[in-house]
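Remember, it's a predicted structure, so these values are computed and weren't measured experimentally.
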Amino acid sequence: QVQLVESGGGLVQPGGSLRLSCEASVGTFRSYTMGWYRQAPGRQREVVATMSAGRSTYYADSVKGRFTISRDDAKSTLYLQMNSLTPEDTAVYYCNAGHAIAGNFWGQGTQVNVSS
């Protein structure tokens, strides 16, 4: 079982920045594909960014050039640097860990509010 704990959410003004962190309690963190997803009120959960074990990345079009996903395998931690935030980025952000054998795991989410 993988435990994922997100942190770093909060209230920020439009144009501001936040960095989300996701700490994983798993010894084989480096073998997982990690990702950030978000869910806004009344909308389906959507992918924001992912990073494979081999460091390949994917970004949703809506965040390209503004968000950066990174991981520190030594600390079993995933990050999401979010810049130039807009009200449309307001959502609960979830960390995801995926492994072909071990399965798929989710964190509890962290709220991001972008408002003036």
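- Separating the CE atom in Met34 from the CG atom in Leu80 is a distance of 11.5 Å, to the nearest 0.5 Å.
- Within the 3.5 Å criterion, the main-chain N or O of Val5 finds no donor-acceptor partner in the side chain of Gln108.
- Side-chain atoms of Pro14 and Val114, non-hydrogen and from C-beta on, do get closer than 4.5 Å to each other.
- With hydrophobic clusters built from ILVMFWY side chains whose heavy atoms lie under 4.5 angstrom apart, Tyr93 shares a cluster with Val12.
- Note that CD1 of Ile69 and OG1 of Thr50 are 6.0 Å apart. Values are rounded to the nearest 0.5 Å.
- In this structure, the side chain of Glu6 engages the main chain of Gly109 through a donor-acceptor pair within 3.5 Å.
- Sorted by first and then second residue, the ring pair (Phe, Tyr, Trp, His ring centres under 6.0 Å) pairs involving residues 27-53 (not counting sequence neighbours) are Tyr32-His99, Tyr37-Trp106.
- At a threshold of 4.5 Å between side-chain heavy atoms, the hydrophobic network of Ile, Leu, Val, Met, Phe, Trp and Tyr places Tyr79 and Val26 in two separate groups.
- A continuous path of hydrophobic side-chain contacts links Met51 to Leu20 [ILVMFWY only; heavy atoms under 4.5 Å].
- For Gln81 (side chain) and Thr68 (main-chain N/O), no donor-acceptor pair under 3.5 Å exists by modelled atom type.
- Smallest separation of non-hydrogen atoms from Gly9 and Val112: CA-CG2, 4.2 Å.
- Judged purely by atom type and a 3.5 angstrom limit, Arg71 uses its side chain to pair as donor or acceptor with the backbone of Ser52.
- Hydrophobic clustering (ILVMFWY, side-chain heavy atoms < 4.5 Å, transitive): Val63 and Leu85 are in one cluster.
- In this structure, CZ on Arg45 lies 13.0 Å from CZ on Arg38, to the nearest 0.5 angstrom.
- A distance of 9.0 Å separates OG in Ser70 from CZ in Arg55, rounded to the nearest 0.5 Å.
- Of all heavy-atom pairs between Ser17 and Ser84, the closest is OG-N, 4.4 Å.
- At distances below 3.5 Å, at least one donor-acceptor pair connects side-chain atoms of Asn96 with backbone N or O atoms of Phe105.
- Pairs passing the ring pair (Phe, Tyr, Trp, His ring centres under 6.0 Å) check and including a residue from residues 50-78, sequence neighbours excluded, do not occur.
- What you find for Cys95 and Leu78 is that their closest heavy atoms are SG-CD2, 4.0 Å.
- Annotation: Arg43, atom CZ; neighbour count of heavy atoms from other residues, nucleotides and ligands within 6.0 Å does not exceed 12.
- Under the 4.5 Å side-chain criterion, counting only non-hydrogen atoms from C-beta, Ser21 is not in contact with Lys75.
- Residue Met82 holds its CE atom at 11.5 Å from CZ of Arg19, rounded to the nearest 0.5 Å.
- By the criterion of side-chain heavy atoms lying less than 4.5 angstrom apart, applied directly or through intervening Ile, Leu, Val, Met, Phe, Trp or Tyr residues, Tyr94 is not grouped with Leu4; the two fall into different hydrophobic clusters.
- In this structure, CZ in Arg30 is found 9.5 Å from CG in Asp72, a value given to the nearest 0.5 Å.
- Under the salt bridge (charged side-chain N to carboxylate O under 4.0 Å, His left out) criterion, Arg66 pairs with Asp89, sequence neighbours left out.
- In the model, Asn113 has no side-chain atom that pairs as donor or acceptor with a side-chain atom of Thr90 under 3.5 Å.
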